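Every heavy atom of this structure was used, including side-chain atoms; hydrogens, water molecules and symmetry mates were not. FYI, the numbering just counts along the sequence from 1. All values derive from a computational prediction rather than experimental measurement.
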Amino acid sequence: MFDANRFISARARGVDASGIRRVFDLAATLADPVNLSIGQPDFDVPQAVKDAAIAAINSGMNRYTQTQGIAALQSRVGDLITRELPNWSPASKTNENGFATLITSGVSGGLMLAIMACVGPGDEVLIPDPYFVMYKHLVTLAGATPVFVDTYPDFQLTAAQLEARVTPRTRMLLFNSPSNPTGVVATQATCQVVAAFCDKHNLLLLSDEIYDEFCFEKSPCHDGVNRCPSPARFSDHLLLLRGFSKTYGMTGWRLGWAAGPKAIIEQMTKLQPYSFVCAPSMAQMGGLEAMNVDMSAQVEAYRLKRDLVTRRLAEAGYELTTPGGAFYAFPKVPQKLGLTATQFVERAVAQSLLIIPGNVFSSRDTHFRISYACDDATLNRGLDILATLAK
């Protein structure tokens, strides 16, 4: 008798179904849910970006590009890095230790290529907890072991926390700021500590900065421009991953970029033809135009939403570390309720409010994630329900 289950690998069985996906499936069963679970901007892609992609399609740019990405977009990314990070030097035939770039199929694609290229069986990867859901599963798929570093209650990473978890098998630290799910932005001091720790232990630092433009706690850079703090300001011994999905509302376009040591980027580039092949050609042309678009008005609108969320949750009695970026908040379930986050979310769903329990992102089940990437009317409806649930 044919049994399909016996063909499923241990690798596949070692990965849980996405807890966020389960909430999306649940949303389909509700008549009029208040959805504060979706982690994507509610604004549309800028028209100039759409026009650039449409023009690319109409001109016949519908084939594969070079796996490393079109030259014009790679050049723009290289210029951005050189301008923002003077401590990084470009790679060349005479400078093997400089940085190189790769256009990826979203930051998620960059994460997968980086982890597959750099870790394997017997290796350990440090992951601050809470974490983006993909991290532990990508590490598991590579055959390595995720090692979680507890950052509660303020979600700032410290040298002491890291030193307590590092071992001779540690090979990489996954770092994400602004954070999904907490929205917390690592301070300039934290970024410096993280970079120094990785240099001390000869670890590869992978800095996921997909939300870098959605940062409300920017600090002056070397050129006087306020930017999101990054460990890349203090070290070039790292992989830097950024993308277009969040900043420009291009989540479905699957476009990001990676930059880092030439030897590592070369290995990621070698793996891309066997996985993603290349980032979508028309999306790359859209991304090139996106780098000319000012998104400050959208970022400011999200800062105001953040202020609304923090004020109303505080009024309702929730404990919350103020999110400094992205578009998430990670409040703690009120202790007086005596509920786990999973139980609390079940009550919320019964009121047609969709939020994500903290155990999707963490070894703890005490907090829950809300996304304020929605219109203000929906956001206020959700906050009304949360105020009622807190009672």
Side-chain angles (χ1 to χ4, degrees), residues 18-45 130 133 178-184 211 214 216 245-247 249 251-252 295 297-362 365-391:
S18 169
I20 297 177
R21 180 58 52 193
R22 287 196 293 269
V23 173
F24 288 174
D25 292 342
L26 183 60
T29 68
L30 299 176
D32 184 27
V34 181
N35 197 342
L36 301 187
S37 69
I38 298 177
Q40 63 179 347
D42 67 322
F43 55 80
D44 199 7
V45 176
V133 291
S179 163
N180 178 6
T182 67
V184 168
Y211 297 98
F214 283 95
F216 318 126
S245 295
K246 311 300 183 179
T247 303
T251 53
M295 301 299 289
Q298 289 85 343
V299 173
E300 174 61 13
Y302 274 65
R303 186 189 66 79
L304 295 175
K305 292 178 191 289
R306 186 279 308 267
D307 293 345
L308 172 66
V309 168
T310 54
R311 176 176 60 80
R312 293 210 52 196
L313 289 178
E315 291 171 351
Y318 287 93
E319 182 181 324
L320 173 69
T321 298
T322 301
F327 31 73
Y328 308 109
F330 201 59
K332 187 175 183 180
V333 176
Q335 192 168 358
K336 66 182 180 182
L337 299 180
L339 300 173
T340 66
T342 299
Q343 293 167 334
F344 180 83
V345 168
E346 289 171 355
R347 288 192 180 185
V349 170
Q351 299 294 320
S352 292
L353 172 62
L354 298 178
I355 52 180
I356 311 293
N359 65 349
V360 169
F361 312 97
S362 175
D365 195 22
T366 55
H367 293 58
F368 59 95
R369 190 192 79 173
I370 68 172
S371 167
Y372 50 88
C374 58
D375 63 84
D376 287 352
T378 298
L379 182 56
N380 274 301
R381 285 175 63 201
L383 292 169
D384 288 342
I385 295 171
L386 287 173
T388 300
L389 290 170
K391 299 176 183 178

| Between Phe327 and Tyr211, how do the two ring planes meet: parallel, tilted or perpendicular, split at 30° and 60°? | perpendicular
| remark: Heavy atoms of Thr182 and Pro323 approach each other most closely as O-CB, 3.6 Å
| query | Is there side-chain contact between Leu36 and Leu379, with at least one heavy-atom pair below 4.5 Å? | reply | yes
| task | Answer yes or no: is there a side-chain heavy-atom contact under 4.5 Å between Ser352 and Asp32? | result | no
| Do the side chains of Val133 and Phe361 get nearer than 4.5 Å, heavy atoms only? | yes
| field | Shortest non-hydrogen contact from Leu313 toward Pro331 | value | CD1-CG, 4.0 Å
| field | Closest approach of Ile370 to Val309 (non-hydrogen atoms, all atoms of both residues) | value | CD1-CG1, 3.8 Å
For residues 383-391, which side-chain N or O atoms pair as donor and acceptor with protein atoms under 3.5 Å away, sequence neighbours left out?
| from | atom 1 | to | atom 2 | distance (Å) |
| --- | --- | --- | --- | --- |
| Asp384 | OD1 | Arg312 | NH1 | 3.0 |
| Asp384 | OD1 | Arg312 | NH2 | 2.6 |
| Thr388 | OG1 | Asp384 | O | 3.2 |

| field | Gln343 side, atom CD; Leu337 side, atom CG - distance, nearest 0.5 Å | value | 10.5 Å
| Interatomic distance, Phe344 atom CZ to Thr366 atom OG1 [nearest 0.5 angstrom] | 12.5 Å
| note | Separation between CG (Asn380) and CG (Leu308), nearest 0.5 Å, reads 5.0 Å
| request: Indicate the atoms forming the closest heavy-atom contact of Val333 with Ala341, along with that distance. | output: CG2-CA, 3.8 Å
| field | Flag, side chain of Lys332 to backbone of Thr321, donor-acceptor distance under 3.5 Å | value | no
| Over all atoms of both residues, closest heavy-atom pair of Pro41 and Gly249 | CG-CA, 4.1 Å
| field | Beyond-backbone contact of Ser371 with Ile38, side-chain heavy atoms, under 4.5 angstrom | value | no
| Taking only residues two or more places apart in sequence or in another chain, which ones pass ring-ring contact (aromatic ring centres under 6.0 Å, His included) with Tyr372? | none
| request: To the nearest 0.5 angstrom, please state how far the CZ atom of Phe214 sits from the OH atom of Tyr328. | output: 10.0 Å
| task | Taking all non-hydrogen atoms of both residues into account, name the closest pair between Asp375 and Asp42 and its distance. | result | N-OD2, 3.4 Å
| field | Euclidean distance, Thr310 OG1 relative to Glu315 CD, rounded to 0.5 Å | value | 9.5 Å
| message | In the structure I gave you, are the side-chain heavy atoms of Leu354 and Val349 within less than 4.5 Å of one another anywhere? | response | yes
| remark: Interatomic distance, CG@Asn35 vs CZ@Arg381, rounded to 0.5 Å, equals 10.5 Å
| note | For Glu300, the side-chain hydrogen bond (donor to acceptor under 3.5 Å, both in side chains) test, sequence neighbours excluded, returns Arg303
| Yes or no on side-chain contact (heavy atoms from CB on, under 4.5 Å) for Thr378 and Val34, after CA distance, side-chain angles and deciding distance? | CA-CA 6 Å; Thr378 298; Val34 181; 4.0 Å; yes
